[in-house]
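Scroll down for the structure; my scribbles are underneath it.
Every heavy atom of this structure was used, including side-chain atoms; hydrogens, water molecules and symmetry mates were not. Counting starts at 1 for both ligands and their atoms, following the listed order.
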Amino acid sequence: MSTMTVEVNGRRYATPTRPTVVIVIDGFDPAYLEQGVANGTLPNLSLLQKNGFAAIADCCMPSTTNTNNTSIVTGVPPSVHGINGNYYLDPATGKEIMITDAERLRCGTILGAMSQAGVDTAVVTAKDKLLKVLAYKMSGINFSSEYANKANLAKNGIENVEKLVGRPTPDQYSADLSLFVLDAGVNLLSSVRPDLMYLSTSDYVQHAYAPGEPEADAYHQAVDMRVGKLIALGATVAITADHGMNDKSASDGSPNVVYLEDELNSRFGAGSVRVICPIADPFVRHHGALGSFVRVHLRKPGDIPAMMEFSRSLPGVELVLDKLQVCERFDLPVDREGDFAVFSDRKTVVGARREDHNLSQLAGHRLRSHGGLGEQKVPFLLSRPLNAEYRKRAQKGPLHNYDIFDFALNGIK
Ligand SMILES: [Zn+2]
């Protein structure tokens, strides 16, 4: 392999000298790692802590999936790449839009630039809706496990994925949707052996099961085993998460919810505001579109400071910032922010109107979700030790999940 560097969004990345695999374990809260290391179900991740590098990094806010996957593949925060949630209100049309393509992406990706520089790159993701951003301007193998049976040479650079992995396309709502991604990664590494690979799972299990529950242990153990296989095949493996995950229910099992749009409209007049939940995702059953961060858009001129003050007084709300404050503090794009932003605490979710959220989808599970500051901490792991410069940088901080390519490509001994 060559040893040139490629510049992407103001940072330089060395092309890989050995196969490099970046894994984003969706919803991998540090609590799962601690639990699995303590009870011995994560032997390979424990070895990374011993032989490689392990730290806790910050994810981008809101702590949602596509915001953070985009940050990780671009190496920059949302103020640069533009993707600030799964779901948004288009101020030009007043329409509410789910992000399923790369239309709002404002910059290139590390994977795209590497592939254009001749590095053999591959992307496998659980959820197909992420694929257009992850494989943006990238040539090489790219597919989702969700549509594994539809992958074709023209569009995905690969066919017969079910044969490659050795089983049929998994159910969209299953742990196997993610394990299929990792098995595809293992099989690609032992066959076509891409120089650089990005594997992104789904947080189906973490939304449903807390650290210590047998289903959570079994899933992370299965992930760990596949990480071991990738390392055994000679890859440098780097692992982080898009966000953490917390229990958002009361002791009786009922979810702790602030219906902020209902509260604001009943206090300041019907139709005063629309609340947008950037976590909204029809592809996730287990959170009812409820997370710990929302954007408030005024529907008509109103007293923003008074609305913010009132929001602050609601139980479970931990932080309220106006448009400029939230953009400055969390590196968000000003032109895509609401009039103000509301964060609920680690035990509480914040939503729009009661009717916007279907909690019957929880199907008896306690509500577990993310989106806020309580889910900002994520593991940051590398299978090989850092060089002196990057050890220093990691110590000095801040360390973000979107530094993972930099560390994997530039920071390894
Ligand atoms: Zn996620």
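- Judged as a ring pair (Phe, Tyr, Trp, His ring centres under 6.0 Å), the pairs with a partner in residues 318-351 (not counting sequence neighbours) are, in order, Phe293-Phe343, Phe330-Phe343.
- For the Zn ion (ligand 1), the nearest N, O or S atom contributed by Asp242 is named OD2.
- A salt bridge is absent between Asp128 and Lys150: the closest approach of a Lys/Arg side-chain nitrogen to an acidic carboxylate oxygen does not fall below 4.0 angstrom.
- Because its NZ or CZ atom is not both nearer than 6.0 Å to the ring centre of Tyr209 and within 45° of the ring axis, Arg366 does not count as a cation-pi partner of that residue.
- Within the structure, the side-chain hydrogen bond (donor to acceptor under 3.5 Å, both in side chains) test picks out the following pairs touching residues 253-267 (sequence neighbours left out): Asp252-Ser254, Glu261-Arg274.
- Atom NE2 is the N, O or S atom of His243 at the shortest distance from the Zn ion (ligand 1).
- Among the heteroatoms counted here (N, O or S) of Asp26, OD1 is the one nearest to the Zn ion (ligand 1).
- Not a single N/O/S atom of His370, whether from backbone or side chain, sits less than 2.8 Å from the Zn ion (ligand 1).
- Remark: Arg384 CZ is packed, more than 12 non-hydrogen atoms of other residues, nucleotides or ligands lying under 6.0 Å away.
- For residue Thr64, no N/O/S atom approaches the Zn ion (ligand 1) to within less than 2.8 Å.
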